Amino acid sequence: MADHSLVVSETALSLVDHTLVIGQEFPDVETCRRMLKDIAIALHFDIRIVKSDRSRFIAKCSKEGCPWRVHVAKCPGVPTFTVRTLHGEHTCEGVHNLHHQQASVGWVARSVSAQVRDNPQYKPKEILRDIRDQHGVAVSYMQAWRGKERSMAALHGTFEEGYRLLPAYCEQVRKTNPGSIASVFAIGQENCFQRLFISYRASIYGFINACRPLLELDKAHLKGKYLGALLCAAAVDADDSLFPLAIAVVDVESDENWMWFMSELRKLLGVNTDSMPRLTILSERQRGIVEAVETHFPTAFHGFCLRYVSENFRDTFKNTKLVNIFWNAVYALTAAEFDSKIAEMVEISQEVITWFQHFPPQLWAVAYFEGVRYGHFTLGVTELLYNWALECHELPIVQMMEHIRNEMASWFNDRREMAMRWTSILVPSAEKRIAEAIADAHCYQVLRANEVEFEIVSTERTNIVEIHSRVCSCRRWQLYGLPCAHAAAALMSCGQNAQVFAEQCFTVDSFRQTYSQMIFPIPDKSLWKEPGEGAESGGGAKVDITIRPPKVRRPPGRPKKKVLRVENLKRPKRIVQCGRCHLLGHSQKKCTMPM
């Protein structure tokens, strides 16, 4: 140890408030014990409890011959305790090593409560380091881990209490946010948790009245004390930001739970779907999701997430040239362009034909997919769910849902305020894309056939634009919902504002309407009704039950590391992929491809 006396004196100075004096009062004997424990650790001496009962507490220094001693007694007629006698001087050398008997799990929990409250991701290794630096005490990894667990339970309640409070929480969601859907389901004779579904009225209103008819579906696995999965259906707002519509927690990701989730989503939209355009749904198209979509949204266009498809193609072929041609095929606007790219790929590898049988172009290629994705090809909800699962895996389920609700409420408020400052017709991202189209339009020759039809001539090809139907033969206008460069040239030639011809879902008015409703706060749990009221069993009937945690728990010990296969070591060196044009060999900053 570098200088034990210096450590002791500095720590003692930092805990001046913990000095004992005769006549000092404590609200109860437990507070007195904690105070003495803190002082013993700060001054690096150990104490031995002589007496501890309902009326008195006597402790002395554990070193033989040291006169330090304190006697605390209960005050008559009141619950407080007071220091009656005190011998405050030490003649012993104190504790010379870093290990201290008073540094119990309870003390660790109290010491780190502020840090755990501010950062639930506070790791046991960080607790070890901070306690040693701040208190000069060494605790074991298990003490740090248990201390954090106890501190988390004191701050947020236990995991078991979280499940028990779910029925009352759902009732509060419905009460404070009228029109919202919140239901919890239990299963089996023990009423173990099975499913939770929540969708706020603000989200339902925003999606039905202002968002484009596009939904993303994905999941994230929960790895807290009890395992499970977080499911989400999310839309996209006018400015291309993610808009969560419905969130569910299930005991396990399964075909049955996806079927249930899509059933609840269908009930949520209800008759409103009759007046909406046909939905386009994007997912990784696992069997359970495909069957659920076909059952509950039979008219929807259900496509692959392009990131999932492209990563599969890249990992299957491991050929840079083939991957570059693949991306050209992905964004080909017409069937003729797409087919020519496929022919190029087949010349390089005949195995491409087999791959396309597993991933039919009708489910992902721009040229063939029938749904309208408005240029939105990948699952943004994947990253959102991953972050939620990472941020909340230490929290009980009710606290996790509150974290998600708080984050969504903050998004709604921030975006509502941001939209009030906008004075344009379209949101900034749409404005930028139309400005790029207008800039490209100047190089075209425009021939007007009649009031609504135009022939746009360039050195490469000729395109036909019909502004009344908002159609261009290049298909970009129809696919992306914004006038392409050909349409912009036609509109400018007849004095029209290209921004007016964008789809309604890209307007500032739509953005404002999307976030016009509020997600209201939930009262403190001390104001809720007793748990067990308003829960739903597996059959959906309301019964008076107490929900218990699911059967599936996280296994003890450190999670096993992923085994690295030998063939993985033989893979080619990682190649840079452009985030703009998706071609390999250059980064987004060095991209020169026209967009």
Side-chain angles (χ1 to χ4, degrees), residues 1-116 127-128 130-140 142-144 146-148 150-151 153-155:
M1 188 180 297
D3 189 342
H4 176 71
S5 61
L6 180 62
V7 173
V8 171
S9 61
E10 286 180 348
T11 311
L13 286 172
S14 67
L15 292 169
V16 173
D17 293 341
H18 289 170
T19 304
L20 285 175
V21 294
I22 294 176
Q24 185 173 349
E25 292 189 353
F26 303 96
D28 51 54
V29 71
E30 184 59 32
T31 304
C32 175
R33 285 198 195 98
R34 290 176 180 175
M35 178 78 158
L36 286 171
K37 189 172 287 191
D38 290 344
I39 291 174
I41 291 172
L43 299 178
H44 287 261
F45 71 91
D46 201 4
I47 60 173
R48 183 166 65 86
I49 297 173
V50 179
K51 288 281 185 182
S52 180
D53 54 36
R54 294 182 179 180
S55 61
R56 58 185 172 170
F57 180 80
I58 303 173
K60 69 174 189 175
C61 180
S62 64
K63 298 287 185 181
E64 289 294 330
C66 182
W68 189 93
R69 184 183 181 92
V70 64
H71 178 191
V72 182
K74 189 177 183 298
C75 299
V78 291
T80 56
F81 283 70
T82 184
V83 177
R84 293 288 176 86
T85 60
L86 173 67
H87 298 282
E89 296 297 326
H90 280 278
T91 58
C92 65
E93 296 179 353
V95 178
H96 282 281
N97 57 55
L98 291 174
H99 299 282
H100 203 294
Q101 287 187 356
Q102 303 303 322
S104 62
V105 170
W107 177 80
V108 172
R110 294 194 305 276
S111 300
V112 301
S113 60
Q115 294 95 318
V116 169
I127 293 174
L128 292 175
D130 292 347
I131 284 182
R132 180 163 181 160
D133 292 346
Q134 295 169 17
H135 301 281
V137 173
V139 295
S140 68
M142 189 53 68
Q143 277 181 297
R146 286 178 176 160
K148 180 189 174 181
R150 191 174 295 185
S151 183
L155 289 166

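What you are looking at is a predicted structure, and each value in this text was computed from that prediction instead of being measured.
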Please list, one pair per line, the donor and acceptor atoms closer than 3.5 Å that link side chains of residues 48-60 to other protein atoms, with sequence neighbours excluded.
residue: Ser52; atom: OG; partner: Arg33; partner atom: NE; Å: 3.4
residue: Ser52; atom: OG; partner: Arg33; partner atom: NH2; Å: 2.7
residue: Asp53; atom: OD1; partner: Ser55; partner atom: N; Å: 2.9
residue: Asp53; atom: OD1; partner: Ser55; partner atom: OG; Å: 3.3
residue: Asp53; atom: OD1; partner: Arg56; partner atom: N; Å: 2.9
residue: Asp53; atom: OD2; partner: Arg56; partner atom: NE; Å: 3.3

I'd like to check the side-chain hydrogen bond (donor to acceptor under 3.5 Å, both in side chains) partners of Lys37; sequence neighbours left out, ordered by chain and number.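 Testing Lys37 for side-chain hydrogen bond (donor to acceptor under 3.5 Å, both in side chains), a comparison that skips the adjacent residues, returns Ser104.
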Do any side-chain atoms of residues 68-84 form donor-acceptor pairs under 3.5 angstrom with protein atoms, and if so which ones, sequence neighbours left out?
residue: Lys74; atom: NZ; partner: Val78; partner atom: O; Å: 2.7
residue: Thr82; atom: OG1; partner: Gly23; partner atom: O; Å: 3.3
residue: Thr82; atom: OG1; partner: Gln24; partner atom: O; Å: 3.3

